[in-house]
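Since this is a predicted model, take the numbers as computed values, not measurements. Numbered from 1 within each chain, the chains take letters A, B, ... in sequence-line order.
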Amino acid sequence: MEGKRSRWSSQPRPCDLLRKIREFTRAIVEDLSNGRSPEILIDRFRNYCSNSSADCYCSSDLPKGKETLTLRRESHVHRLDVLLRVLVVVQQLLQENRHASKRDIYYMHPSIFSDQSVVDRAINDICILLQCSRHNLNVVSVGKGLVMGWLRFTEARNMFDCINRPNTAYPVPVHVEEVKDIVSVAKYILVVEKESVFQRLADDQFCNSNHCIVITGRGYPDISTRRFLGLLVDTLHLPIYCLVDCDPYGFDILSTYRFGSLQMAYDAKFLRVPEIIWLGAFPLDSEKYRLPQQCLLPLTAEDKRKTEAMLQRCYLEREVPQWRLELQLMLESGVKFELEALSVHELSSLSTEYIPSKIQGGLHI
Amino acid sequence: MNIASVRELCLQLISSAFQRCRASDDLCRLSVILRRSSAPSFPPPVRISVSDTGVGSCVEEFGALKLCREAFGSEIWDGMLSVTTTGIGDNEIFHYQFNLKEAVSTRRLTRLPSNPKNGQKFSGTEVCLSIFESIDVLLAEISRFFQKILILKIPNVAIQLVVEHGDVPGSRYEHVFLPNEGNPLHFSASNLERLKSGLEDYVFKHGNTLGKKCESCFSNWEHLKVGTGVACCTESRKYSESVMEAVIVMSEISELASTCLRTCGSKTEVLYFKDFSVSPISQSSVKALTSIDWKSYGLTFRGVVDQGGFALLEWENLPPYIRIHISLHHYHNQYPKLSRLKMQPDQNLIRKAIKLALDDLKDKHTGELLSAHALKVRNCAPDLAKTISSLIWHSNDSNFREECFSFLGLPSQGVGSEVVEDRIKEKIISVIEMNDKDQPQRHKEVPSFLFEVDHFQDSGSQDEKYEDEDAFSSMDI
Amino acid sequence: MNIASVRELCLQLISSAFQRCRASDDLCRLSVILRRSSAPSFPPPVRISVSDTGVGSCVEEFGALKLCREAFGSEIWDGMLSVTTTGIGDNEIFHYQFNLKEAVSTRRLTRLPSNPKNGQKFSGTEVCLSIFESIDVLLAEISRFFQKILILKIPNVAIQLVVEHGDVPGSRYEHVFLPNEGNPLHFSASNLERLKSGLEDYVFKHGNTLGKKCESCFSNWEHLKVGTGVACCTESRKYSESVMEAVIVMSEISELASTCLRTCGSKTEVLYFKDFSVSPISQSSVKALTSIDWKSYGLTFRGVVDQGGFALLEWENLPPYIRIHISLHHYHNQYPKLSRLKMQPDQNLIRKAIKLALDDLKDKHTGELLSAHALKVRNCAPDLAKTISSLIWHSNDSNFREECFSFLGLPSQGVGSEVVEDRIKEKIISVIEMNDKDQPQRHKEVPSFLFEVDHFQDSGSQDEKYEDEDAFSSMDI
Amino acid sequence: MEDACKSALNFFSDQQLCYADILTPPEVIARIQVAVLNFLRILTSPDPAISDLPLVARNSSNTRLNHGLLTQTPWIFLTHSLCTRSLMRPNAAKAFIRVWKVMAMCSQILGQGKKVTQRELFYKLLCDSSDYFSSQSQVNRTVQDVVALLRCSRYSLGIMASSRGLVAGRLLLQEPNQEVVDCAACGFSGHAITGDLNSIDKLMMKTDARYIIVVEKHAIYQRLVEDHVFNQIPSILITAKGYPDIATRLLLHRMSRAFPDLPILALVDWNPAGLAILCTFKFGSIGMGLEAYRYACNVKWLGLRGDDIEHIPAQALVPLKPKDIQIAKSLMSSHMLQESYREELTLMVESGQRAEIEALYCHGYDYLGKFIAKKIVQANYI
Ligand SMILES: [Mg+2]
Ligand SMILES: [Mg+2]
């Protein structure tokens with residue numbers, strides 16, 4: 001299919017990865033046998049910088065520098081050891097076609113890994129070294145996301161018939177690469193920040209009356225939710241709207257869908273969904289939809305700090321200057337509010353008034 | 001330099017005699033004879049005779065001796081030296097008497113009638129003095145002096161130390177110190193080679209007075225690891241070159257329970273020589289020793305004990321069976337021609353010589369004197385080896401395994417995982433050790449931003465934090 | 001009690017005259033005449049004559065007067081009293097002269113020649129003295145005294161206050177204070193009834209000197225809310241009974257802008273009477289007043305200003321149109337027969353009487369003097385009423401709605417939601433107010449529950465505790 | 001509607017134990033109407049009063065232990081002891097009115113045939129009466145009060161719950177007029193348990209399993225599902241991802257009733273929180289309100305227990321944290337904790353260490369399945 005992008009076409013096969021692991025190992029053994037210190041170069045990635053002045057290369061998805069691991073420093077040796085230990089686990093997972101979570105891997109050598117974050121970094125490093133995505137390593141996390149609406153698909157031959165009960169939440173499949181036979185006649189996809197709003201829409205029979213698919217990542221979206229979303233977008237070519245709280249976290253979550261997260265920047269091209277359209281809530285909605293004063297909370301110092309930091313992100317100015325303006329507006333207004341505040345006057349106003357008016361009126365950016 | 005005691009004076013006289021021998025082209029003999037007189041005083045007076053067959057001495061040599069007041073304080077010596085000397089070209093044997101108690105140097109000397117040589121061609125000197133002193137104390141001190149001076153392995157001097165107990169027959173003690181006894185060197189060997197060989201002999205003899213290798217401590221030669229270093233400094237103005245030679249020996253004692261253990265235990269006495277003689281070590285040199293970056297050789301320097309000219313270096317964390325020996329020799333390479341030139345005690349010279357010696361030792365003996373840093377890295381090697389081995393071992397690709405084995409020089413069949421692991425460990429360790437040698441150059445290559453990326457982490461914690469919030473709200477149901 | 005000033009002495013003399021009138025069985029007249037002499041001094045001397053038609057006085061009464069030194073200090077009085085008196089059974093009218101400056105009491109009295117009564121049956125006394133004092137000051141003070149004493153409403157005494165300005169004709173001022181003027185009482189009314197009625201009159205007159213109800217402040221009678229309380233105490237030893245009567249009046253001024261506002265504003269002057277006369281209030285009584293739990297009557301007591309015998313109670317948060325008036329009367333119920341007995345100023349007596357009066361007022365006037373707690377609860381009533389009314393109103397079950405209306409006594413059709421809400425609010429408020437009255441009794445009763453209950457465990461405080469605990473530790477399986 | 005009213009009038013008087021019923025909206029509305037009528041009746045009676053609210057006490061002194069004759073396992077219920085919300089009690093007026101306000105709000109929502117999330121409820125109440133509600137937790141507590149007053153489940157009040165629960169394995173579920181769901185073929189996550197208590201209540205279930213395994217952690221559950229452990233050990237796997245929600249507990253409870261012969265075995269971390277989670281399944285928790293006690297299940301402790309710690313490398317043991325000690329103390333003070341559990345807990349506290357289930361992975365990922373199988377075969381659970 002023409003619409004399929006690189007996101008789905010160039011998935012490395014397990015045997016390719018196993019070969020890469022062997023090559024990697026072989027190189028190390030060869031170096032050692034020849035009395036050379038192995039030097040392992042790891043690319044570093046960032047998907048944004050705080051240099052909004054223009055000519056940064058954050059949009060290019062190219063590495064921004066390299067790290068070198070050698071046997072010269074204790075910390076390097078330890079890090080190399082962790083990396084290789086995780087690689088042993090990964091090799092095993094790939095050979096046996098099993099899956100494990102980051103936490104599972106941590107528990108293989110808890111004393112040596114000392115901390116979960118050490119394992120997380122090693123996994124990221126391995127992905128960079130082997131030029132693959134995390135799920136290619138058969139490292140998965142427990143799924144957090146939910147989906148409902150006009151959608152039918154299979155995951156490893158198990159049928160997910162959401163359309164049968166379009167107001168029932170289904171867990172987002174963890175093994176997105178096993179998802180097949182996606183069928184939908186929906187008009188659009190709606191991503192909501194949190195479960196509470198998702199439930200509101202379910203209770204309002206929103207999908208029934210609007211012929212759409214609703215997805216939530218329950219806060220910061222996990223990888224499977226983002227990949228599943230990407231898969232739907234690529235397969236169904238539907239517009240995709242996003243509804244988040246009007247607060248710094250909501251905006252950050254929105255940015256995570258749109259641009260990917262910093263710590264997974266190496267894989268951003270597979271994890272981001274650039275097609276996403278911001279539907280709301282915008283700072284000015286508080287006036288437009290007559291939100292009572294009690295629902296508007298002042299931004300805390302932490303909120304302001306976070307907002308100011310986000311305003312620096314280069315991709316905003318470059319790609320979505322209008323988003324940035326809204327964020328700026330939020331900071332200036334000094335208040336934030338949650339989506340639930342829109343339901344104050346009328347419980348179903350989110351589904352009967354707010355969302356339809358936004359979509360029909362083109363009030364999104 | 002002022003001489004502070006009569007014993008020091010004796011050593012000075014012996015040292016001078018040794019220099020006269022060394023200056024001679026021929027083989028020479030240096031005899032020190034201690035003879036207890038039968039006089040009924042206590043302690044009985046000891047007559048000390050220092051005689052040598054070296055080039056003759058000049059009168060000024062004795063007239064210029066400067067003694068502190070304290071040297072006469074304890075009234076064990078009357079200040080009188082009798083000197084008999086003749087040069088190879090002299091026709092007479094001269095006799096002098098020096099009264100060193102006399103402050104005005106011109107009044108010190110009394111010329112006595114000389115003897116004709118009757119045309120015989122020989123040279124030599126004898127210096128005698130009588131003091132009230134324990135003969136054992138003198139014997140021990142002079143012995144130690146000779147043991148040390150042997151380290152220089154000056155090839156043409158034989159030393160004889162004799163004790164005669166008055167008229168008691170059969171009570172004569174005699175010890176001969178020969179430079180080439182332990183480990184003969186070619187006559188043309190350099191000063192540094194002699195110093196190295198001398199220190200080796202000294203270490204093997206292990207402080208015992210037997211003059212031979214201590215078999216219970218050293219069962220074979222290989223336990224010594226030696227490094228040498230030379231630092232030169234051209235003092236341009238005088239056209240003279242100051243040389244600092246350093247030899248470092250690491251010895252491994254085979255049996256800890258041995259009774260041969262040195263008194264200084266795991267401390268290191270720095271054996272200091274100056275212009276081919278035993279010398280006390282100067283304060284500034286001690287300072288130089290403390291300022292060496294021992295850590296980069298895996299040594300933890302605790303401090304230095306400066307005991308009136310002896311410097312004892314103290315170590316921490318040194319394994320109990322390891323001993324470190326250091327000797328330093330500082331001289332002008334035109335000595336004795338220019339011996340009157342004062343040498344600057346150059347701290348840099350000491351540091352440089354010792355560092356070169358340490359590097360030399362490390363180079364020759366892989367795995368020794370690894371830096372503290374490399375030691376830490378090396379501690380990770382078993383883990384890393386195990387990991388790499390398990391990467392190989394857990395691969396289901398047998399070709400790959402065999403390929404790896406062949407890299408490691410192992411047979412493709414029938415090797416156990418421990419063997420692989422051990423082999424990899426060896427390789428890793430040797431890489432680490434090699435890396436440690438040429439550290440200074442390499443270190444600059446490592447990109448410095450490797451671990452500065454920690455600020456990347458700050459937004460990474462978000463997801464975790466958010467998950468915690470979830471955890472809480474689940475309680476809320 | 002020592003008399004501190006000449007003005008106090010005057011009031012004391014008037015008080016004694018009043019007591020003589022009260023002791024009489026007949027209707028009596030008490031006249032106070034202030035006559036300014038025409039003497040040219042400044043201020044001109046004022047002759048004060050206090051005359052009464054009561055029972056005659058005894059000589060000891062005046063001889064026993066004790067004046068402080070200060071009373072003579074300002075030299076406004078020579079210390080001389082002229083007394084003319086006769087009892088009903090006396091045949092003569094006696095004349096005395098007292099010199100109160102005389103310290104020795106036996107020397108004070110000078111008997112003057114008496115007049116024969118010629119068989120006429122009458123009794124009475126006149127006391128005269130001359131002082132240098134502003135007549136206006138005297139007039140104001142005596143007026144206030146009479147206004148207060150009128151509160152006791154002693155029925156058989158008519159009071160006349162006359163001012164004569166020397167010989168100036170037409171300058172005569174006369175004011176008559178009649179006990180039954182405002183609100184006539186039956187002759188047999190009790191002391192408490194008189195005190196109550198007297199205070200009501202006093203409040204209505206509102207401090208104005210007009211002697212009649214202030215129309216601009218009180219447009220009708222009902223604005224006064226009165227409570228009374230009596231506390232007795234049998235002092236067993238002397239077989240005498242001490243009585244404390246308290247009357248509390250809450251008045252609501254209809255027009256805040258009225259010029260009639262008392263000087264003391266929203267403060268409350270405690271009108272204190274002792275043995276049927278105006279009396280200063282004692283320190284211990286003031287203390288008793290401060291120790292009353294005003295809060296439980298919704299009053300926030302800020303403090304008391306004690307101004308030489310006057311006590312002004314200060315309130316916080318009192319609405320500006322509300323005035324509180326308190327009068328206290330303490331007497332022996334056998335007075336005057338046992339008037340010489342000293343009464344213990346019993347703090348408990350005051351507290352009890354006032355509490356009873358407050359309770360009485362609260363009982364008679366629902367919604368007044370609600371406790372601070374009940375006030376808080378009452379403030380919630382509109383919200384609760386609104387909530388419950390919305391429960392009714394939003395129900396689409398008409399049977400249910402009609403049933404609710406019938407409980408509320410509302411027609412089943414055509415009522416607006418405000419009506420329902422108001423009705424519920426009224427009911428709730430009335431329950432709250434009722435609950436506040438007999439609080440102590442009610443609380444012991446079984447609470448009325450929304451649903452029937454079999455078991456009851458009063459663990460109301462427990463759940464507050466539980467709320468503090470965090471989600472897990474409360475898991476008390 | 002009238003029937004509903006009638007049954008509501010005496011809706012608890014004939015019962016020994018108190019718990020929250022799962023009701024339909026008309027039933028809940030009927031109860032609320034009874035509440036209003038009673039309130040008005042007492043308010044307008046000759047001796048008028050403002051009725052106190054009798055809330056079933058949610059504390060340990062109101063719990064009773066029931067020793068079943070047949071089941072031999074004790075279970076716990078709440079009796080009718082009450083704590084009251086009274087308008088008149090000092091500082092209680094607001095709490096009293098909050099109850100009515102929440103009731104009014106719920107009645108309104110139910111009347112519209114809608115449901116709300118707790119957060120929405122908070123916002124509605126915040127805007128409606130901010131004098132009374134200032135925080136989410138206040139709303140949550142008041143909801144629990146209403147539950148304790150009306151004795152119906154929170155869900156019945158129209159408040160949506162999100163269930164975190166998942167179930168997988170040899171279980172067939174069917175809602176009336178719906179297709180059968182095979183929990184063995186629901187993908188890698190298994191079947192998500194709905195938050196809709198009414199539909200759980202109506203589920204029809206079939207199984208050929210021999211055990212029900214309750215797993216504390218989602219990740220462990222996922223591993224077991226991926227490895228198809230439920231085929232090696234014929235079982236149903238269920239997890240609530242930590243402290244269980246009502247829906248998960250209801251489903252487990254329903255399974256325990258439908259399949260009384262299947263032992264329910266819990267696999268939890270070896271730390272006080274793990275035991276607390278197990279006990280929440282077993283007994284409920286006060287924090288969950290009145291609904292908690294109804295869904296008690298006879299859960300047995302499979303692991304990790306003190307004996308299992310020897311299979312765990314020392315470096316995987318972590319010192320107990322203060323929070324753990326706090327939980328342990330709370331558990332110890334409970335009179336419901338059976339002796340064998342108490343001993344385990346004592347051992348845990350004395351060792352000063354804790355271990356997570358994942359620590360077994362040092363023996364490889366398939367060890368966990370074998371570990372469970374072995375313990376089950378040996379009937380090594382308490
Ligand atoms: Mg948010
Ligand atoms: Mg846990």
Side-chain angles (χ1 to χ4, degrees), chain A residues 89 92-93 96 98-112 140-144 146 154-161 164-165 168-175 178 194-200 202-204 218 291-295 338-345 347-348, chain D residues 108-109 112 114-124 126-128 130 133-134 158 160-163 166 175 178-179 182 184-192 194-196 199 217-223 226-227 241 313-318 355-362 364-366:
Chain A
V89 178
Q92 210 176 335
L93 291 173
E96 297 171 22
R98 285 167 164 274
H99 294 84
S101 70
K102 296 191 293 181
R103 195 77 182 149
D104 292 351
I105 293 173
Y106 165 75
Y107 269 102
M108 298 301 282
H109 311 281
S111 61
I112 284 172
V140 293
S141 49
V142 294
K144 203 157 71 122
L146 298 174
T154 62
E155 180 200 19
R157 291 189 309 282
N158 299 304
M159 174 69 87
F160 283 72
D161 212 350
N164 244 1
R165 287 189 276 176
T168 302
Y170 287 80
V172 162
V174 182
H175 301 297
E178 311 244 15
K194 46 184 165 180
E195 190 177 11
S196 162
V197 175
F198 186 89
Q199 285 178 316
R200 167 84 278 127
D203 186 51
D204 292 345
R218 299 208 254 196
L291 295 192
Q293 204 57 40
Q294 297 96 306
C295 300
E338 290 184 274
L339 289 168
E340 283 90 342
L342 292 162
S343 311
V344 158
H345 298 302
L347 266 185
S348 54
Chain D
Q108 207 179 319
I109 291 157
Q112 293 171 16
K114 306 231 57 147
K115 289 204 180 296
V116 286
T117 62
Q118 295 236 83
R119 192 73 179 154
E120 285 172 331
L121 188 63
F122 165 65
Y123 271 105
K124 285 210 147 249
L126 180 70
C127 294
D128 191 61
S130 54
F133 296 94
S134 57
M160 285 187 265
S162 59
S163 171
L166 297 171
E175 271 183 70
Q178 295 279 352
E179 280 175 38
D182 180 358
C186 286
F188 297 99
S189 305
H191 175 70
T194 171
D196 182 346
S199 80
K217 283 181 165 156
H218 187 190
I220 299 289
Y221 163 90
Q222 196 160 296
R223 146 100 20 244
E226 188 187 314
D227 292 353
K241 307 181 188 172
Q315 67 269 19
L317 296 175
V318 180
E356 297 188 62
I357 309 171
E358 284 95 334
L360 291 171
Y361 287 157
C362 61
Y365 287 131
D366 34 11

Does any backbone or side-chain atom of [X] lie under 4.5 Å from a heavy atom of chain D? Answer side chain, backbone, both or neither.
| X | answer |
| --- | --- |
| A:E195 | side chain |
| A:D204 | both |
| A:I105 | both |
| A:R98 | both |
| A:T154 | neither |
| A:V89 | side chain |
| A:A156 | side chain |
| A:H345 | backbone |
| A:A202 | neither |
| A:F160 | side chain |

Which portion of [X] sits near chain A, non-hydrogen atoms under 4.5 angstrom:
| X | answer |
| --- | --- |
| D:R223 | side chain |
| D:C186 | backbone |
| D:E175 | side chain |
| D:E120 | both |
| D:D366 | both |
| D:T194 | neither |

For the interface with chain D, which of [options] has the highest count of heavy-atom pairs at distances below 4.5 Å?
| options | value |
| --- | --- |
| A:Q294, A:Q293, A:R200 | A:R200 |
| A:S343, A:S348, A:S101 | A:S343 |
| A:S141, A:A169, A:A341, A:P173 | A:A341 |

In Å, rounded to the nearest 0.5 Å, how long is the span from [atom1] of [X] to [atom2] of [Y]?
| X | Y | atom1 | atom2 | value |
| --- | --- | --- | --- | --- |
| D:F122 | A:E340 | CZ | CD | 10.0 Å |
| A:S196 | D:Y123 | OG | OH | 9.5 Å |
| A:D203 | D:Q112 | CG | CD | 10.0 Å |
| A:L347 | D:K124 | CG | NZ | 4.5 Å |
| D:K217 | A:R103 | NZ | CZ | 6.5 Å |
| A:D104 | D:I357 | CG | CD1 | 11.0 Å |

Of the non-hydrogen atoms in [X] and [Y], which two are nearest, and what is the gap between them?
| X | Y | answer |
| --- | --- | --- |
| D:A185 | A:N158 | O-OD1, 3.0 Å |
| A:M108 | D:Y361 | SD-O, 3.1 Å |
| A:P171 | D:A192 | CD-CB, 3.7 Å |

Could you tell me whether A:E178 atom CD has more than 12 heavy atoms of other residues or ligands within 6.0 Å of it?
-> yes
Do side-chain atoms of D:E226 reach the backbone of A:H99 as a donor and acceptor pair under 3.5 angstrom?
-> yes
